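Everything on this sheet refers to the single structure shown next.
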Amino acid sequence: SSNDRINALSDALTGNLKSIISSFDSIRSKTSRQAEKQEKKQMERTLVLLKPSTIERALVGEIVNRFEKKGLRIVGMKMMQLTDEILAQHYAHLVKKPFFPILKASMMKTPVIAMCLEGVDAIAVVRYITGYTNGRKADPGTIRGDYCMSNQQNIVHASDSPEAAVEELNRFFRPEEIFDMGDLNLDRLYAVDEL
Ligand code: IDP
Ligand code: MG
């Protein structure tokens, strides 16, 4: 009868609707799970160089102290003399700039201290506490804001992205110069769900 056909049609439509809704639900829960995963912060390593401006002004202790007190773990640290070659790589994005020769000379004036710092989200955290490139414009409370007046002699270098951190750590450290600290201090530095 026509009633039966209407009922059958309506059942089919309801079924379709239910399956559409359930596939929406499954997409929604998948994307929210993905979002949660992405929000979970990563244990990262980043490169910091204490520039000759830090060495010359006898600020090594103060600057190391800043990073240490923040809770970044020092997992590699050494003094080294930079060369033309390593600076051409390290500052590849600046070699064509008119100030490059002066920058290079200032980076070779004394040895530098290279540090590998480790922590959850360490790359962004270190950039944040390093502050804006030009010390005259950097916020007070940041290292550059607190310790320098220069755009060029700005106390520290810090890797600016995960890709740069990997590349720069490889450039300045041999693998055996970076140490695995295991879970040393992690329970003091982070909540259990942050690791
Ligand atoms: P960053 O160190 O904040 O990442 P970059 O633009 O990558 O800044 O430049 C690398 C370094 O080159 C700076 O830290 C600074 O020492 C120097 N530098 C950058 N721009 C200038 C400039 O306009 N004049 C002089 N030196 C500069
Ligand atoms: Mg940079």
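Predicted, not measured: the structure shown is a model, and the values here were computed from it. Read the numbers this way: they start at 1 and go in the same order the structure lists the ligands and their atoms.
Contacts between T130 and ligand 1 below 4.0 angstrom, taking non-hydrogen atoms only, are absent altogether. Counting heavy atoms under 4.0 Å from ligand 1, residue K97 does not touch it at all. Contact annotation for Y132 and ligand 1: no heavy atom of the residue comes within less than 4.0 Å of the ligand. Contact annotation: for R144 versus ligand 1, heavy atoms closer than 4.0 Å belong to the side chain alone.
When only non-hydrogen protein atoms are considered, atom 18 (N) of ligand 1 lies nearest to F99 CE1, 3.7 Å. Looking only at protein heavy atoms, the nearest one to atom 17 (C) of ligand 1 is L103 CD1, 3.7 Å. When hydrogens are left out, the protein atom nearest atom 9 (O) of ligand 1 is L94 CD1, 3.4 Å; that is the closest non-hydrogen contact. Atom 25 (C) of ligand 1 has as its closest protein heavy atom Q152 NE2, 3.2 Å.
For the pair K78 and F173, the cation-pi criterion (under 6.0 Å, within 45° of the ring axis) is fulfilled.
Not a single heavy atom of D160 sits under 4.0 Å from any atom of ligand 1.
Taking only nitrogen or oxygen atoms, main chain and side chain alike, Q153 does not reach within less than 3.5 Å of ligand 1. When only interatomic distances are considered, the shortest N/O to N/O separation between T133 and ligand 1 falls below 3.5 Å. For ligand 1, the polar-atom distance check finds no N/O of H157 at less than 3.5 Å from any of the ligand's N/O atoms.
Ligand-side atoms of ligand 1 in range of R127: 1 (P), 3 (O), 4 (O), range being under 4.0 angstrom from any heavy atom. Remark: ligand 1 atoms within the under-4.0 Å shell around heavy atoms of N154 are 13 (C), 14 (O), 15 (C), 16 (O). Less than 4.0 angstrom separates some heavy atom of N151 from each of these atoms of ligand 1: 15 (C), 16 (O), 21 (C), 22 (C), 23 (O), 24 (N). Taking every non-hydrogen atom of H93 and a distance limit under 4.0 Å, the qualifying atoms of ligand 1 come out as 5 (P), 7 (O).
Checked by atom type and distance alone, the side chain of S150 pairs as donor or acceptor with a backbone atom of Q152 at under 3.5 Å. Side-chain atoms of E168 never come within 3.5 Å of backbone atoms of A165 as a donor-acceptor pair (strictly under, hydrogens ignored). Here the side chain of R144 pairs no donor or acceptor atom with the backbone of R136 at under 3.5 angstrom. Of the possible polar contacts, one joining the T130 side chain to the V126 backbone as a donor-acceptor pair under 3.5 Å is found. For the pair N65 (side chain) and G61 (backbone), a donor-acceptor distance under 3.5 Å is absent.
For F99, the CZ atom is densely surrounded, since the number of other residues' heavy atoms within 6.0 Å is greater than 12. Crowding of E85 atom CD: a count of heavy atoms from other residues, nucleotides or ligands under 6.0 Å not exceeding 12.
A pairwise comparison of heavy atoms in Y190 and V120 identifies OH-N, 2.9 Å as the closest pair.
Ionic pairing of D146 and R66 is present here: one or more N-O contacts between side-chain nitrogen and carboxylate oxygen are shorter than 4.0 angstrom.
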